[in-house]
Engineer: 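The structure follows.
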Amino acid sequence: MTVQSNFITPDSSDPRLQSKSRYRMLVDGKSVDAASGKTIHRVSPGHAGVVVGTWPDASADDVRAAIAAARRAFDTGPWPRMSGAERSRLMFKTAELILAHVEEIALIESLEVGKPIAQARGEITFCADLWSYAAGQARALEGQTHNNIGDNRLGLVLREPVGVVGIITPWNFPFIIASERVPWAIGGGCTVVLKPSEFTSGTSIRMAELAREAGIPDGVFNVVTGYGDPAGQVLAEDPGTDMVAFTGSVRVGTKLGEIAARSVKRVGLELGGKGPQIVFADADLEAAADGIAYGVYHNAGQCCISGSRLLVQEGIRDVLLDRLLDISRKVTFGDPLNERTKIGAMISEAHAAKVHSYVEAGQADGAELLLGGARVGEGAGLYYAPTVFSGVTADMSIAREEIFGPVLSTLTFKTADEAVALANASEFGLSASVWSTNLENALQSIRRIRAGRCWINSVIDGAPELPIGGYKKSGLGRELGRYGFDEYSQFKGIHVTLGRPDPWFG
Ligand code: NAD
């Protein structure tokens, strides 16, 4: 077993590993198992061999039952007909309950995903804020009137909920991603069936249970657990859903886009990324080095908005890399349950192997491996060392493809034009960062970068008010802010004639 001084060996005697929670799906307000009785066991990625959660393995029929419940709740239930004020009150109550359960939910998230417990606490607290923001907006949603289309005509634009929404989420931020979608969908009057990742389903079930406890009516927020096929696929294919909102890989997103196109169903896609971090010579290098480390190592690099491509202006490359390497050698990684841990585990054996194959490809392509590039603590859990490459060129796979691990690829540029061109030389367009003390230069660069979520002098920052989403292969649609509500709304135009209409025949 390779041991590094900044590696925190997992403590297999931690009593919190004994929790072994057993979950049931939530359908029409009731906790249910799969009709077959089949289950899925989750082993902690941070603690080899320890089962930390068990949930149902839903069949296509189990999912159809949940869709039928959401359909009834939408077509005949109280939720879409309630005032925004009433919906808002129940959603605020859900936010309060999430806040009251931060410790419990953070522990589940840490055990199932392998993320550091301190990070998980911050994420769950942020989710309460996402619910609160959406709750506030839920009573402010409006349409439009057009009083300028003629003396005897008035135009009304009604905002209506799109209907039953199937929401499919990935494993890296289960509670955040569900909290970025469910409150926006139900806030406008939709009903939902959420299918979390088969790796990490516990906290999504707890979220729905808390919403039920808050008084959100039966059938409005259902959760089914199971594999992508059949559970996720049925959500996209079944005529009972009016929309599918998917977050995950380009491979599956493309497939769901095709399914939705065949039935002309609305689809939202939030897919992968290869975020550039541009560092200009005039940047605050101390802050930039810290931000680059955070941007690539956060959640062990398993983050769609990771800053995994460092684009640094030539003259400052060595000094910036020296500082970054120093941080990378010292940053604590390992046991997710240790309060000092900054970087936790990889999600699965297969994924850790995939990350390593990218590192091998980078070396074979001639990039220089400055640090890391190896599994650590093998046998104890799934850990990968912070890894830094320099001498990367734009054609290498480590510059182009989403590695989804703690692996940084460093490229250099001379001018701002070159930096922007390199940033845009990607099939993805999810996020981008610019580090510079010249705000004009930073803004002009960001304006030319084709990415949906950008930062100046920071990275992986977020607020419920600002939209997120992808350009190019990173996806379709926008979540959060006011824009997120449009995603789950239909707009109906009503032409009102005031007085007698002009005769057509005579
Ligand atoms: P994934 O595509 O393998 O799985 C995502 C979800 O889709 C899971 O719930 C899975 O069960 C389900 N699924 C799989 N096959 C399906 C099918 N045939 N039909 C319907 N559903 C199916 O992705 P993942 O490995 O869980 O997550 C990693 C990917 O997600 C990365 O590419 C990452 O960039 C992306 N991601 C994007 C965002 C964003 O907001 N843009 C956020 C987080 C993750």
Side-chain angles (χ1 to χ4, degrees), residues 40 42 45 55 57-58 60 63 67 112-113 115 123 130 166-181 184 193-204 223-238 241 244-260 265 267-275 298-308 346-348 350-352 354-355 358 401-405 426-431 451-453 460 462 466-480 484 487:
I40 296 172
R42 176 63 176 154
W55 40 79
D57 176 3
V63 178
I67 295 171
E112 291 180 4
V113 185
K115 65 177 63 191
E123 289 180 8
L130 287 165
I167 299 180
I168 303 171
T169 53
W171 44 257
N172 54 352
F173 294 96
F175 209 74
I176 289 188
I177 292 172
S179 297
E180 286 172 343
R181 284 143 187 75
W184 271 257
V193 179
L194 168 64
K195 195 213 77 75
S197 165
E198 57 273 28
F199 290 117
T200 56
S201 300
T203 56
S204 297
V223 180
V224 292
T225 54
Y227 294 100
D229 187 8
Q233 199 150 326
V234 170
L235 280 183
E237 284 173 347
D238 193 278
T241 54
V244 57
F246 171 79
T247 309
S249 61
V250 174
R251 183 184 64 81
V252 177
T254 308
K255 193 170 172 180
L256 296 189
E258 286 166 6
I259 293 173
K265 184 176 292 194
V267 63
L269 301 175
E270 297 259 347
L271 310 177
K274 187 74 185 174
H298 182 60
N299 216 45
Q302 303 167 120
C303 189
C304 54
I305 51 170
S306 280
S308 53
M346 309 304 294
I347 196 73
S348 67
H351 185 60
K354 182 176 159 203
V355 169
Y358 272 112
E401 295 174 27
E402 185 179 49
I403 300 176
F404 232 53
S426 168
E427 63 178 2
F428 296 113
L430 195 61
S431 64
R453 187 169 178 183
I460 314 189
L466 269 64
I468 60 173
Y471 286 44
K472 300 189 269 182
K473 275 209 173 159
S474 291
L476 301 173
R478 291 291 175 271
E479 308 286 345
L480 304 194
E487 198 70 19

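Predicted model, so just to flag it, every value in this text is computed and none were measured. In listed order, ligands and their atoms are each counted from 1.
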Engineer: Can you list everything that forms a salt bridge (Lys or Arg N to Asp or Glu O under 4.0 Å) with Asp57? Sequence neighbours excluded, please.
Structural biologist: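 Salt bridge (Lys or Arg N to Asp or Glu O under 4.0 Å) check on Asp57 returns nothing, list empty.
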
Engineer: State which residues pass side chain to side chain donor-acceptor pair (under 3.5 Å) with Lys255; sequence neighbours excluded, sorted by chain then number.
Structural biologist: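 Side chain to side chain donor-acceptor pair (under 3.5 Å) list for Lys255, sorted by chain: empty.
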
Engineer: I'd like to know whether NZ of Lys473 has more than 12 heavy-atom contacts from other residues, nucleotides or ligands below 6.0 angstrom.
Structural biologist: no

Engineer: Is a salt bridge present between Lys115 and Glu112, judged by a nitrogen-to-oxygen distance below 4.0 Å?
Structural biologist: no

Engineer: Between Trp171 and Phe404, what is the ring plane arrangement, given parallel below 30°, perpendicular above 60°, and tilted in between?
Structural biologist: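 Rings of Trp171 and Phe404: perpendicular, as their planes differ by over 60°.
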
Engineer: Can you list the residues that meet the side chain to side chain donor-acceptor pair (under 3.5 Å) rule with Thr203, with sequence neighbours excluded?
Structural biologist: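 Listed in chain order: Glu109.
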
Engineer: Please output the residues near ligand 1 using a strict heavy-atom distance under 4.0 Å, listed in chain and residue-number order.
Structural biologist: Ile168, Thr169, Pro170, Trp171, Asn172, Ile177, Arg181, Lys195, Pro196, Ser197, Glu198, Gly228, Gly232, Gln233, Phe246, Thr247, Gly248, Ser249, Val252, Lys255, Leu256, Glu270, Leu271, Gly272, Cys304, Glu402, Phe404, Leu430

